Protein chains: 2
Amino acid sequence: MVRKKSTELTSAEQKVMQVLWQHGPCSVKTITAELNKQAALAYTTVQTLCRILLDKGHVQCEKQGKAFIYQAITVQQEARTQALTVLLKRFFAGSPTLLAQHLLEQPLPAELQQELQAQIDAQAKHAATTEKQER
Amino acid sequence: MVRKKSTELTSAEQKVMQVLWQHGPCSVKTITAELNKQAALAYTTVQTLCRILLDKGHVQCEKQGKAFIYQAITVQQEARTQALTVLLKRFFAGSPTLLAQHLLEQPLPAELQQELQAQIDAQAKHAATTEKQER
DNA sequence: TAACACCTACTAAAGAATTAGTTTTAAATC
DNA sequence: GATTTAAAACTAATTCTTTAGTAGGTGTTA
């Protein structure tokens with residue numbers, strides 16, 4: 001059976017995208033240097049990843065002097081949403097309610113709960129203020 | 001370079017686990033039937049997936065009559081937490097704050113926001129009640 | 001202009017994932 | 001006991017992923 005080819009970001013690809021999102025347009029050299037802060041990875045490996053990302057349409061590139069400068073096309077926001085949607089489908093039976101419950105009830109990455117709560121408080125405060133002003 | 005072998009759940013494996021989580025211990029036949037509600041997949045394919053899950057230690061099995069009955073070892077809760085942690089690392093630079101922001105600010109899977117808020121409200125109410133009782 | 005550095009393009013290889021066919025085994029039934 | 005049948009075990013092929021080496025081109029500089 002033929003497998004449909006995906007355009008989803010693989011693990012290694014995601015790491016490259018991360019660099020591009022954080023640093024803006026980069027050469028392979030820069031990306032490699034950035035990735036090597038975490039774990040050794042050959043220049044040519046990064047180059048291959050860039051080519052794949054180009055094939056999949058996640059980045060575009062443009063020659064600047066000797067080197068190509070790669071730039072993310074896929075915006076981080078979208079990638080995040082997509083990733084969250086997949087997560088939701090796979091692990092939470094597609095139910096946002098379950099994710100919400102899990103986020104709030106589970107001793108998750110620990111800080112997350114607090115952060116969530118803080119966000120929520122800020123949001124609530126803002127909403128309240130807005131409401132007052134609207135009257 | 002040698003790749004470290006992962007025990008992470010792949011996409012196809014996750015689907016099998018989903019069935020086991022939802023239905024409890026199942027035979028390959030049952031899993032196949034369940035998965036085929038979504039898309040056709042050969043019995044032997046599911047069998048292979050079960051073997052892999054066994055290798056990776058996510059399920060255990062036990063002969064019952066002619067067939068093996070597979071049972072999830074990895075609990076859904078843990079898989080969820082792990083998946084969320086990976087997501088956090090990959091797409092939110094490991095920052096729970098960013099995830100929280102994204103969840104609340106982004107027109108995400110739409111309902112999620114509302115559900116989150118509802119969860120939050122319920123939680124807040126509960127907390128308030130508990131607080132009163134503790135006094 | 002020759003040497004060097006740097007970069008791309010091409011090639012490659014091994015492991016993982018996905019899918020499923022074939023063979024064997026064992027249980028059930030006639 | 002022989003035959004049928006259902007399941008496991010084994011095998012396999014294709015694609016994806018990850019990793020990186022080598023060859024070749026081009027710009028810079030001594």
Side-chain angles (χ1 to χ4, degrees), chain A residues 1-19 25-71 83 86 90, chain B residues 1-19 25-71 79 83 86 89-90:
Chain A
M1 197 179 264
V2 196
R3 273 206 272 173
K4 65 188 181 304
K5 67 173 156 184
S6 95
T7 60
E8 248 171 62
L9 292 171
T10 67
S11 169
E13 287 159 22
Q14 279 165 18
K15 285 174 195 149
V16 174
M17 291 303 285
Q18 186 77 49
V19 173
C26 285
S27 66
V28 173
K29 189 175 179 178
T30 309
I31 300 169
T32 307
E34 209 50 44
L35 291 178
N36 276 325
K37 286 182 183 169
Q38 309 230 314
L41 207 56
Y43 181 93
T44 47
T45 303
V46 178
Q47 216 178 17
T48 305
L49 287 172
C50 287
R51 184 184 46 71
I52 293 170
L53 285 169
L54 205 58
D55 284 351
K56 289 193 178 176
H58 291 293
V59 303
Q60 62 190 15
C61 72
E62 170 182 347
K63 200 145 205 168
Q64 212 165 90
K66 279 203 290 185
F68 282 115
I69 300 296
Y70 289 87
Q71 179 169 16
V86 171
R90 296 249 171 93
Chain B
M1 195 179 266
V2 195
R3 273 208 271 173
K4 66 189 179 303
K5 68 172 153 185
S6 96
T7 61
E8 250 173 60
L9 292 170
T10 67
S11 168
E13 287 160 22
Q14 279 164 17
K15 285 174 197 149
V16 174
M17 292 301 286
Q18 186 76 48
V19 174
C26 288
S27 66
V28 172
K29 191 175 178 178
T30 309
I31 300 169
T32 307
E34 209 50 45
L35 291 177
N36 276 325
K37 287 182 183 170
Q38 310 231 312
L41 208 56
Y43 180 95
T44 47
T45 303
V46 178
Q47 215 177 20
T48 305
L49 288 170
C50 287
R51 182 184 48 70
I52 293 170
L53 285 169
L54 206 59
D55 283 351
K56 289 192 178 177
H58 290 293
V59 302
Q60 61 189 15
C61 71
E62 171 183 343
K63 200 147 206 169
Q64 213 166 88
K66 281 204 290 186
F68 282 117
I69 300 296
Y70 289 87
Q71 178 169 18
V86 171
K89 226 190 222 166
R90 296 250 173 94

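Below, chain A is the first sequence line, B the second, and so on; all start at residue 1. None of the values given here were measured: they were computed from a predicted structure.
- The distance between atom CG of A/L41 and atom C1' of D/dG21, rounded to the nearest whole Å, is 14 Å.
- In this structure, B/L49 atom CG and C/dT19 atom P are separated by 8 Å, rounded to whole Å.
- To the nearest angstrom, P of C/dT18 lies 12 Å from CD of B/E8.
- Residues that satisfy the salt bridge (charged side-chain N to carboxylate O under 4.0 Å, His left out) test with A/K15, not counting sequence neighbours, are absent from this structure.
- Applying the side-chain hydrogen bond (donor to acceptor under 3.5 Å, both in side chains) test to A/T30 and every residue at least two apart in sequence or in another chain returns A/S27.
- Partners of A/Q47 under the side chain to side chain contact (heavy atoms under 4.5 Å, CB included) rule, at least two apart in sequence or in another chain, are A/V28, A/Y43, A/T44.
- Taking 4.5 Å as the limit, every side-chain heavy atom of A/L41 sits out of range of all side-chain heavy atoms of A/T32.
- When the P atom of C/dT18 is taken as reference, atom CD of B/E13 falls 7 Å away, rounded to whole Å.
- Atom-to-atom, CD of A/Q64 to C1' of D/dG27 comes out at 16 Å; the value is rounded to the nearest Å.
- Note on the helix from C/dT1-D/dA30 to C/dC30-D/dG1: terminal axis deviation equals 10°, with five pairs used at each end and the result rounded to 10°.
- If you take CG of B/D55 and P of D/dA8, they are 15 Å apart, rounded to a whole angstrom.
- Looking at the side chain of A/K56, the nearest of the listed nucleotides C/dT19, D/dT17, D/dA20 is D/dT17.
- Going from atom CD1 of A/I52 over to atom C1' of C/dA12 covers 13 Å, rounded to whole Å.
- Contact annotation: A/S11 does not reach the phosphate of D/dT17 (side-chain N/O to OP1 or OP2, under 4.0 Å).
- Taken to the nearest 0.5 Å, the CD1 atom of B/I69 stands 7.5 Å off from the SG atom of B/C26.
- We find that CG of A/L53 is positioned 14 Å from C1' of D/dC16, with the value rounded to whole Å.
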**Fill in**
Protein heavy-atom contacts under 4.0 Å, written 5' to 3' over nucleotides 3-10 of chain C as B (base), S (sugar-phosphate only) or - (none), form the string ---SSBB-
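- Residue A/Y70 holds its OH atom at 13.0 Å from CD of A/Q64, rounded to the nearest 0.5 Å.
- When the side chain to side chain contact (heavy atoms under 4.5 Å, CB included) test is applied to B/A79, the partners found at least two apart in sequence or on another chain are A/F91, B/L9, B/W21, B/T74.
- Between A/T45 and D/dA20, a side-chain N or O to OP1/OP2 separation shorter than 4.0 Å is present.
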